Amino acid sequence: MKTVVSVVGKDSMGIVALVSTKCAALGANILDISQSILDDYFAMIMLINMDKLNVEFTEFVDEMEALGKTNGLEIHVMHEDLFNSMHKI
Amino acid sequence: MLSRDDISETINMIREENLDIRTITMGISLLDCASEDTTRLCDKIYDKITTTAKDLCRVGCEIEKTYGIPIINKRVSVTPISIVSQNRDSGDMVKIAKTLDRAADTLGINFIGGYSALVHKAMTNADKALIDSIPEALASTSSVCSSVNVATSKTGINMDAVRLMGTVIKKAAYLTKDTDSSACSKLVVFANAPEDNPFMAGAFHGVGEGESVINVGVSGPGVMARAIEKAGKCDFGELADVIKKTSFKITRMGQLVAKEASKRLGVPFGIVDLSLAPTPAVGDSVALVLENMGLEMCGTHGTTAALAMLNDAVKKGGIMASSYVGGLSGAFIPVSEDAGMIAAAESGALTVEKLEAMTAVCSVGLDMIAVPGDVSEETICGIIADEIAIGVINNKTTAVRVIPAYGKKEGDYVDFGGLLGRAPIMALNSRSCADFVNRGGRIPAPVHSFKN
């Protein structure tokens, strides 16, 4: 199962490291990262493989959102199927 | 591989444009609860609902978390209560309403629909008892929603029932006079009521349905308004394409959630309702969609045409996105629940008469319209009869949810808070229709209903 993680917030040093370290700790394997900065705002979209997750999926969602909150970022986790069903026939 | 643009588009729809799943509604049959003893009947109803839907809220929250889509409401609809409660008086009916309310409270859902009667041709004793009990039932419960089907294209309009509803609505308004006559916001009068509608206040689990079913309603006016704004100046053909594509995406999301909820709950998937359902949130407005199509304000000349095109294109896009489409499926135009409609009504651009014309081309009807509290019962019957006639003649669902706000007059406001929103009291035609609505009997079915 794959999941899309989006990260948005004011740019600062080490955001990619922060998020990817957390992913690794929870057993989430990053397959793809796309990142950009617009007007001081950082935006990153990651595609993540969740097959070897070492926590429950809902716990992963909570952990990522909490990580966002403590670091002034908006982190959202969304199942890949949502995008596939909305954008592919 | 997913494209970055597609991902960004979906995230924006949800985070910025208020896209959500408006409701996952579980329909539950109560036919097997029938019992001669009212206490026994109430116990069986309570047990059946709280057992069948015990996981509804938990599963709804899980799906919300997995897909990152807000699921605003989890609700239950049941078999029309008058069918499972024959041989009872109004007092017994109110007890059943309180049982439904208690079950809703236990489940943690915000509305339970099905305190209903289907009287499109005539009334049984139980139908009459239920209708008579509606004001007290709604005034003494918080989650129960009621609906009465007074007409179909096949049977014509039961004007005796219409006349009765005028009295019921006024009484319900009086009994909840301290809360802006809020009981009326939970009461719908229908023509051609659908049996699988997930939206309140008109949801009930039809007799043609199975034991239980999952029906889903999506929202999406905010997404539609933004898509049309982005399309800029284009001709109607291109505009229709933009609406269809957007509707397809919204509906696919609904289909995904409906299938997933059905799988996790072990309850069959029924339908996705394609209706664009607004909220009072800024931007999440059907009026704004129409205004972005090129109207200075919703309600001006051209509004009916814009709405007709919108509704048709939404269906064309949505039908391909779901295996089963049903319910009401159209654009909702409730006044109090739509910031753009409220603004249009305040400015005088949108009148009750224009709203009535708009309902001929969209679902559902005169919805959440606040009118002066001193309006006569007969005038309310006239409003209902007009709206119901549009549905019967055009073979579509129409409905009336009108609030004669006790003690208030034109220019005042009612405020229900939350999704039900606030509305200015709108002016009505002051001429009487009493002699017409008091004739009694049934308006015969239209000639084009004889298709056999």
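Below, chain A is the first sequence line, B the second, and so on; all start at residue 1. The model shown is predicted, which means the values in this text are computed figures rather than measured ones.
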A.B. asks: Using heavy-atom distances under 4.5 Å, tell me whether A/V77 contacts chain B through its side chain, its backbone, both, or neither.
C.D. replies: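 Backbone only.
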A.B. asks: Between B/Q255 and chain A, with a heavy-atom cut-off of 4.5 Å, which part of the residue counts as in contact: side chain, backbone, both or neither?
C.D. replies: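 For B/Q255, neither part sits under 4.5 Å from chain A.
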A.B. asks: Using a cut-off of under 4.5 Å for heavy-atom pairs, which of B/E260, B/K65, B/M320 has the most such pairs with chain A?
C.D. replies: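 Most heavy-atom pairs under 4.5 Å with chain A: B/K65.
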A.B. asks: Ignoring hydrogens and geometry beyond distance, is a side-chain donor-acceptor pair present between B/T279 and B/D284 at under 3.5 Å?
C.D. replies: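 Yes, because at least one side-chain N or O of B/T279 sits under 3.5 Å from a partner of the opposite role on B/D284.
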A.B. asks: Is a salt bridge present between B/R226 and B/E229, judged by a nitrogen-to-oxygen distance below 4.0 Å?
C.D. replies: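 Looking at B/E229 together with B/R226, the answer is yes, because their closest N to O distance falls below 4.0 Å.
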A.B. asks: Assess whether a salt bridge exists between B/K316 and B/D312, defined as any Lys/Arg side-chain N lying under 4.0 Å from an Asp/Glu carboxylate O.
C.D. replies: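 Judged by the 4.0 Å cut-off on N to carboxylate O distance, B/K316 and B/D312 do form a salt bridge.
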A.B. asks: Who wins among A/H79, A/M78, A/H87, A/E74 for the most heavy-atom pairs under 4.5 Å with chain B?
C.D. replies: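 Option with the greatest count: A/H87.
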A.B. asks: Quick one: do the B/R15 and A/H76 side chains pair a donor with an acceptor below 3.5 Å?
C.D. replies: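 Yes.
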A.B. asks: Checking side-chain contact (heavy atoms from CB on, under 4.5 Å) between B/V218 and each of B/D20, B/L19, B/I21, B/V223, which is the one that passes?
C.D. replies: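 For B/V218, the side-chain contact (heavy atoms from CB on, under 4.5 Å) check succeeds only for B/I21.
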A.B. asks: With a 4.5 angstrom heavy-atom cut-off, is it the side chain or the backbone of A/I89 that approaches chain B, or both, or neither?
C.D. replies: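 Both the backbone and the side chain of A/I89 come within 4.5 Å of chain B.
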A.B. asks: Between A/F57 and chain B, which part of the residue has a heavy atom less than 4.5 Å away: side chain, backbone, both or neither?
C.D. replies: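 For A/F57, the contact with chain B is made by the side chain alone.
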